[in-house]
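For reference, the structure is listed below as structure tokens.
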Amino acid sequence: MSGLNGAEFYSAYDEEIGEEKETIIQEAINRYLVDNIPVQYILGYSYFFGYPFDVDENVLIPRPETEELVSYVLAEYDHYFSGEEVTVVDIGTGSGAIAITLAKEEPLMKVYATDISQPALVVAKKNAQKLGAEVEFIAGDLLQPLIVRELKFDILVSNPPYIPKKEEVQSIVKDNEPHIALFGGETGLYFYEQILANAHKILKPKNIIAFEHSYSQKKEMLTIAAKYFPQGKARVIQDMFGKDRIMIIVNDDKDD
Ligand code: SAM
Ligand code: GLN
């Protein structure tokens, strides 16, 4: 808002800021304190994995737990595909945080990303361009656009909407972030069921599936995984807050 970075701000601490800037800053403070708008929407960006992503009210503000999801995908890649070119898809990409970060961090990943929200894809494409990442964005409902294109992937990653419809959500989230990014049907599990029921259509025989999920659904997630990938190795990992948050399924013949 001041137009200064942190260092410039502190070295100019004793200077008058002028009336025009004061008004801008005061308005921004009011939007936060009075209107309850998240700081990231006010500033127009949020850091994810060290990269500045543009965000607006059409996209979820990327969360630190999702940075952990990205780290696990990179680690699983290193374990199972190290040095190989792989195709990766991020379902429900929002700001593009997961897809763009993977493309930046691992050049051997050819990354695709989908979203049903056209306005979200506008933000994601802008972020890819600004951050110099090569990602193929495709609009559509879950796996449908990938199935019709007959694309096949080594890695599927997704942080789908997973809040159960009736769960109480902080007002700063519920009143500002897109509901299409938050709510995962009656139980919160709708998107995992849909994705896992169809995933075999877009995955190569050896593949990795990685999800972020609700802290309360470890058991349910493992049950759905076993239902659709009975031969797969599924595990749930806790996030930095000690909450069950990430599920990885590895489908690799050699593991049997
Ligand atoms: N991947 C981003 C992240 O981790 O910050 C955004 C995740 S947000 C929780 C879920 C995303 O899924 C939203 O961008 C939403 O528009 C998208 N979405 C919701 N329903 C969808 C559907 N049927 N098909 C594809 N994407 C969908
Ligand atoms: N972690 C988000 C929240 O609780 C929800 C994200 C999601 O549904 N994938 O606000």
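Every number for a ligand or one of its atoms is a count from 1 in the order of the listing.
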| Purely on distance, is any nitrogen or oxygen of D141 under 3.5 Å from one on ligand 1? | yes

| Is there at least one pair of N or O atoms, one from P62 and one from ligand 1, spaced under 3.5 Å apart? | no

| note | Under 4.0 Å from one or more heavy atoms of L60, ligand 1 contributes atoms 5 (O), 9 (C)

| task | Could you find the nearest protein heavy atom to atom 1 (N) of ligand 2 and give me its residue, atom name and distance? | result | Y162 OH, 3.3 Å

| message | Let's go through K166 and E186 carefully: what are the C-alpha distance in whole Å and the side-chain angles of both, what is the deciding distance for salt bridge (charged side-chain N to carboxylate O under 4.0 Å, His left out) to 0.1 Å, and is it a yes or a no? | response | CA-CA 7 Å; K166 295 206 178 86; E186 224 42 64; 3.1 Å; yes

| query | Stepwise, does the salt bridge (charged side-chain N to carboxylate O under 4.0 Å, His left out) test hold for E76 with R235? | reply | CA-CA 12 Å; E76 293 294 312; R235 71 187 202 276; 2.9 Å; yes

| task | May I ask you to check if ligand 1 and S95 share an N or O to N or O distance below 3.5 Å? | result | no

| task | Could you check atom 4 (O) of ligand 2 against the protein and tell me its nearest heavy-atom contact, residue, atom and distance included? | result | I163 CD1, 4.0 Å

| What is the minimum heavy-atom distance between I100 and S95, and which atoms define it? | CD1-O, 4.1 Å

| Is there a donor in the side chain of E105 and an acceptor in the side chain of Y51, or the other way round, less than 3.5 Å apart? | yes

| field | Within-cut-off N or O pair, P160 and ligand 2, under 3.5 Å | value | yes

| Main-chain N/O of G18 paired to E16 side chain as donor or acceptor, under 3.5 Å | no

| field | Where A199 and F229 come nearest, the two heavy atoms and their spacing | value | CB-CZ, 3.9 Å

| said: Please determine whether the number of non-hydrogen atoms from other residues, nucleotides or ligands lying under 6.0 Å from atom CD of E84 exceeds 12. | reply: yes

| message | Would you call the rings of Y13 and F9 parallel, tilted or perpendicular, taking 30° and 60° as the class edges? | response | perpendicular

| request: Taking atom OH of Y41 as the centre, report whether more than 12 heavy atoms of other residues, nucleotides or ligands fall under 6.0 Å from it. | output: yes

| field | Whether E177 side chain and I61 backbone form a donor-acceptor pair below 3.5 Å | value | yes

| request: Give a yes or no on whether the backbone of N5 and the side-chain of E8 come within a donor-acceptor separation of less than 3.5 Å. | output: yes

| query | What protein heavy atom sits nearest atom 10 (C) of ligand 1, and how far away is it? | reply | N159 O, 3.5 Å

| field | Within reach of ligand 1, part of L182 (heavy-atom separation under 4.0 Å) | value | neither

| query | Of the options D115, V122, L121, which is the one that meets F137 in a side-chain contact (heavy atoms from CB on, under 4.5 Å)? | reply | L121

| Distance from atom 3 (C) of ligand 2 to nearest protein heavy atom, with residue and atom | R63 NH2, 3.6 Å

| Contacting atoms of ligand 1, where contact means under 4.0 angstrom from a heavy atom of F191 | 20 (N), 21 (C), 23 (N)

| query | Which ligand 1 atoms does I98 reach within 4.0 Å, using its non-hydrogen atoms? | reply | 1 (N), 4 (O)

| message | Polar contacts were defined as any N/O atom of the residue lying under 3.5 Å from an N/O atom of the ligand; does this apply to R63 and ligand 1? | response | no

| request: Answer with side chain, backbone, both or neither: which part of T66 has a heavy atom less than 4.0 angstrom from an atom of ligand 1? | output: side chain

| said: Can you tell me which residue among N159, L60, V157, T101 is in a side-chain contact (heavy atoms from CB on, under 4.5 Å) with T66? | reply: N159

| query | Parallel, tilted or perpendicular: which describes the rings of Y45 and Y47, with under 30° parallel and over 60° perpendicular? | reply | perpendicular

| task | Tell me, with the steps shown, if V55 and V123 meet side chain to side chain contact (heavy atoms under 4.5 Å, CB included). | result | CA-CA 7 Å; V55 292; V123 175; 5.7 Å; no

| query | What about A120: any of its N or O atoms under 3.5 Å from an N or O on ligand 1? | reply | no

| said: Among all protein heavy atoms in this structure, tell me which lies nearest to atom 6 (C) of ligand 1, with the distance rounded to 0.1 Å. | reply: G92 O, 3.5 Å

| atom 24 (N) of ligand 1: nearest protein contact (heavy atom, Å) | L142 N, 2.8 Å

| Looking only at heavy atoms of A181, does any of them come nearer than 4.0 Å to an atom of ligand 2? | yes

| query | Is it the side chain (CB and beyond), the backbone, both or neither of Y162 that lies under 4.0 Å from ligand 1, heavy atoms counted? | reply | neither

| message | So if I count the atoms of ligand 2 from 1 in the order they appear, which ones are less than 4.0 Å from some heavy atom of P161? | response | 8 (O)

| task | Please could you name the atoms of ligand 1 that G140 approaches to less than 4.0 Å, counting only its heavy atoms? | result | 24 (N), 25 (C)

| task | Quick one: look up the protein heavy atom nearest atom 27 (C) of ligand 1 and list residue, atom name and how far away it is. | result | I116 CG2, 3.6 Å

| said: Which of the numbered atoms in ligand 2 are under 4.0 angstrom from any heavy atom belonging to N159? | reply: 7 (C), 9 (N)

| said: For atom 2 (C) of ligand 1, what is the closest protein heavy atom, and at what distance to 0.1 Å? | reply: T93 O, 3.2 Å

| Got E57 and I37 here, is their nearest side-chain heavy-atom distance under 4.5 Å? | no

| task | Taking only heavy atoms of S117 into account, list the atoms of ligand 1 that are under 4.0 Å away from them. | result | 16 (O)

| query | What are the atoms of ligand 1, with element, lying closer than 4.0 Å to any heavy atom of I180? | reply | 15 (C), 16 (O), 19 (C)

| Does E65 reach the main-chain N or O of F241 with its side chain, forming a donor-acceptor pair under 3.5 Å? | no

| note | G94 heavy atoms within 4.0 Å reach ligand 1 at atoms 6 (C), 14 (O)

| Any N or O on A181 sitting closer than 3.5 Å to an N or O of ligand 1? | no

| request: Look only at interatomic distance and state if D115 has a nitrogen or oxygen under 3.5 Å from any nitrogen or oxygen of ligand 1. | output: yes

